[in-house]
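If you read the sequence from its start, that first residue is 1, and numbering goes on from there. In listed order, ligands and their atoms are each counted from 1.
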Amino acid sequence: MIQPDKIVATTCPFCGVGCNLQLHIKDNFIYRVTSPFDSIVNHGNLCVKGRFGYDFVYHKERVTSPMVRNVPQKPGARTQAFDRSEWHTVTWDEALDTVADRLVEIYRRDGAHAMAAYCCAKATNEDNYLLQKLYRSLFRTNNIDHCTRLCHAASVVALQMAVGSSAMSNTAAEVIQNDVFIVTGSNTTENHPIIANQMKNAVEKYGAKLIVVDPRRIELVNFAALWLPEKPGSDVAVFSAMAHVILKEKLFNQQFIDDRTENFQAFAASMEKFTPEYAEQISSVDRNLIVEAARLYANAKNAAIYWALGIPEHSHGTANALSLINLALLTGQIGRPGTGLNPLRGQNNVQGASDAGAMPWHYPGYQRVDSEEAALKFEKAWKIEPGGLNRKLGLTTTEILSAVGPNGVRALFVMGENPMMSEPDLNHTRHKMEQLEFLVAQDMFLNETSSFADVFLPACSWAEKDGTFTNTDRRVQRVRQAITPIGQARADWEIICDLARRLENRLGRPTSSFWEYTHPSQVLEEMGSVVPDYAGVKYARLEIAGLQTPVLDDNHPGTPYLFSERFPRGRGKFHPLDYNPSAELPDEDYPLILTTGRVLEHWHGGSLTRHSWLDDLYPEALIEINPADAAHLGLQNGDTVRVTSRRGSIVLRCKVTQKTTIGVVFIPFHFIEAAANLLTNDVIDPQAKIPEYKACAVRVVPAEPHELVNPQASQPRGRY
Ligand code: SF4
């Protein structure tokens, strides 16, 4: 038995559950991961990623020295360079001076609108706070966003519109206090495995009734009292029909509506047409199931709604989320333990990156950039002349890439994100990446995006730095340095500060001590000074269990559930709704609906999990297809197929399974060899600017195994 030199408590770097980890270290090497039984988030339980997926830290392909491309890249002729021989290593001074010189040259020539940065939901609160501060204070642009735009942006917008807050209202572990709960657009077992365990526990041990509303027969259906197998994109019809039933049968909470809400009459009138029969025509869900679900939810003492990306990732994602919020306001199932509106956040720190201001319309703490009051506040805090900060809303991730061109965005800084995997319609994304004049990548690996860069800045993994993550239920938790950085890698926050100091000099901005932090705890304190919800979040208070925001001062205990007395916007606002179909519906040429998502063993663009032995567990993309559709196409399990949409085509093997409903196919989006986002539609929700990842029309035809990009990949494992 190995005796560790030390055991370091930290937080899982993968999903938004935020499980507590103990890294066992021997000779600066992580050899084991455990979790304490009394850990507040996960009670000692971990999924396969948290328990075993840390070996990416030591992967041979990791880049640990700063690098510059051998051949200068030109707009329009920019290429990818995965081969290290196309790069040469440089010192940190050379790399950062090159970045500073080029960024300042482009900024001086073209102005603030030419500058843009992608923050990162994998990085810490401190890393994200500093990168948005750098771009806002030094380049005077709000063109700063991160992958929240590609996941829960519509949930955030809808929640802000209706209640004035955008996080999970309740604590995930409160699911055992639910009498009834709805899970929709969330394959929780694969995406938030520990929360899924708590949900199953709620059903089996505590007698809660689960309603699953999902086009796929996900594992949680085995635990559900009701499964409503809707067609992708029909959420507004199904949930508004539930509201219709609640209104008709007078199951609503009049007292709550009178005391806490507004706009009820207009909303109620808009629900008239959403009869269960009408919803059945749109969604294919049996009208009786809709009635039963409405009664179960409305009559429960405590009921909650949990959702993930199946709700927001639509061209009408904001309306989808509003249809859920309307239900909670109608029944008063919010503001108490065991109730609430709970968007399950995907990445480990997507909540924190959003809180830290890594978004184009908001300073840290969701304070609008077009609010004069907020701008003046941040000018004072960041020692910027009055009027110096840009009051114009910045570009979102998808807009940043669309704006790349001669009079648009010219220079892009990408910290840890991989838009060449995560954006919709990747052929379009590639074309735009090629047009950039200057690209900086701050990452651990040469991935599909960083391989396009001019300069590569090697960043530490989560195990090599200090910081904080904020998990899906608003718990700010410590990330602790467990090993010394590998090679010359540096913590993201250190790289940003070093670059900022060089930029200050070149730009002639008044130099300040604002980039002289010696520890990320100072950054979090600064963030707390401008974000009221983080005012009492200090490292010393996060030692044991973290704190759930809002934490309003140094003595505030944190907030397990929100809205007990009032909503941040005052009254909760009902929103009248109409049903709008997905932008692309099946037709003769493209007869199937494609929906995309994650699998348990992988995580997002795959930069980390595909550099881990986890890749051996799930080595290739599989398209899931219903047996009836497979029979129609003459396909058997493991056959090779070509999937084509109006934007692209990929080849992969198929898994014939009842998990998908007839007419719907599913592809995970982690695999560059069969990148699902070559197919997806970049049409966006007009309010949240989120793309429609969850529904596009495709054609599936048999193909030959030699057409696979990676024909050596192992056979399908038949896991489902
Ligand atoms: Fe990590 Fe999420 Fe798995 Fe927990 S459930 S171990 S946070 S990946």
- Aromatic rings F14 and W603: how do their planes relate, parallel, tilted or perpendicular, breaks at 30° and 60°? perpendicular
- Per-atom contacts of ligand 1 with F14, taking only distances under 4.0 Å to non-hydrogen atoms: 8 (S)
- Atom indices of ligand 1, in the order listed, that fall short of 4.0 Å to a heavy atom of K49: 8 (S)
- Is the closest heavy-atom distance from I194 to ligand 1 below 4.0 Å? yes
- atom 2 (Fe) of ligand 1: the protein heavy-atom neighbour that sits closest, reported with distance to 0.1 Å: C15 SG, 2.3 Å
- Message: What I want to check is whether the side chains of S422 and H604 have a donor and an acceptor closer together than 3.5 Å.
- Response: no
- Query: Is it true that some N/O/S atom of C19, main chain or side chain, lies under 2.8 Å from atom 1 (Fe) of ligand 1?
  - Reply: no
- Check step by step if salt bridge (Lys or Arg N to Asp or Glu O under 4.0 Å) holds for R474 and D533. CA-CA 10 Å; R474 298 171 279 103; D533 284 359; over 6 Å; no
- Atoms of ligand 1 close to P193 [distance to a heavy atom under 4.0 angstrom, numbered from 1]: 5 (S)
- Closest protein heavy atom to atom 1 (Fe) of ligand 1, given as residue, atom name and distance to 0.1 Å: C12 SG, 2.3 Å
- Write down the atom of P193, the atom of L600, and the distance for their closest heavy-atom approach. CG-CD1, 3.5 Å
- Query: Near G18, which atoms of ligand 1 are under 4.0 Å from a heavy atom of that residue?
  - Reply: 7 (S)
- Does the shortest distance from atom 3 (Fe) of ligand 1 to an N/O/S atom of C47 fall below 2.8 Å? yes
- Message: I'd like to know if the side chain of T484 pairs up with that of N28 as donor and acceptor (distance under 3.5 Å, no hydrogens or angles considered).
- Response: yes
- Honestly, is R62 close enough over F445, meaning NZ or CZ under 6.0 Å from the six-membered ring centre and within 45° of the axis? no
- Message: Determine whether M415 and D127 satisfy the following criterion, side-chain contact (heavy atoms from CB on, under 4.5 Å), listing intermediate values before the conclusion.
- Response: CA-CA 9 Å; M415 176 172 77; D127 300 332; 4.1 Å; yes
- Query: Counting from 1, what ligand 1 atoms have a heavy atom of G50 closer than 4.0 Å?
  - Reply: 6 (S)
